[in-house]
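The figures here come from the full heavy-atom set of this structure, side chains too, leaving out hydrogens, waters and symmetry mates. These numbers were taken from a predicted model, which means no experiment stands behind them.
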Amino acid sequence: MPHALIAIAFLMPVTVALAGPPQRDYPIHPVPFTDVHIHDGFWSPRQDTNRTVTVPYCFQKCEETGRINNFAKAGKLMEGKFEGIF
């Protein structure tokens, strides 16, 4: 076991030296999400369903169960105690 550790300790710097300097110019650049548009037969209908059905339904349930009010209570914008499941 000690020989293996010595070998690793010796080979680690050699491996790093052989790898060369780190690459500075990453070939992939971020794109603002507002510049991304999806127009196809698979994802477009799913995005429409999320936008028109799923998100409004989730927001409605968050209001009904007091989750939205919990943020106002935590920010001292509203009186009351936490509601719901922690």
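No side-chain N or O of T52 forms a donor-acceptor pair with one of D48 less than 3.5 Å apart.
Here the OG1 atom belonging to T65 is positioned 10.5 Å from the CD atom belonging to Q60, to the nearest 0.5 angstrom. Atoms CD and CG, on E83 and N70 in that order, are 6.0 Å from each other to the nearest 0.5 Å.
Counted within 6.0 Å of CD on E79, heavy atoms from surrounding residues, nucleotides or ligands total 12 or fewer; the atom is thus considered open. For CZ of F42, the number of neighbouring non-hydrogen atoms (other residues, nucleotides, ligands) closer than 6.0 Å is greater than 12. Counting heavy atoms of neighbouring residues, nucleotides and ligands inside a 6.0 Å radius, atom CZ of F82 exceeds 12 of them.
A donor-acceptor pair is defined here as one N or O able to donate and one able to accept, closer than 3.5 Å; such a pair exists between the side chain of K73 and the backbone of K81.
Cluster annotation: I68 and L77 are assigned to distinct hydrophobic clusters (Ile/Leu/Val/Met/Phe/Trp/Tyr, side-chain heavy-atom contacts under 4.5 Å, transitive).
Considering every non-hydrogen atom in both H29 and Y26, the closest pair reads CE1-O, 3.6 Å.
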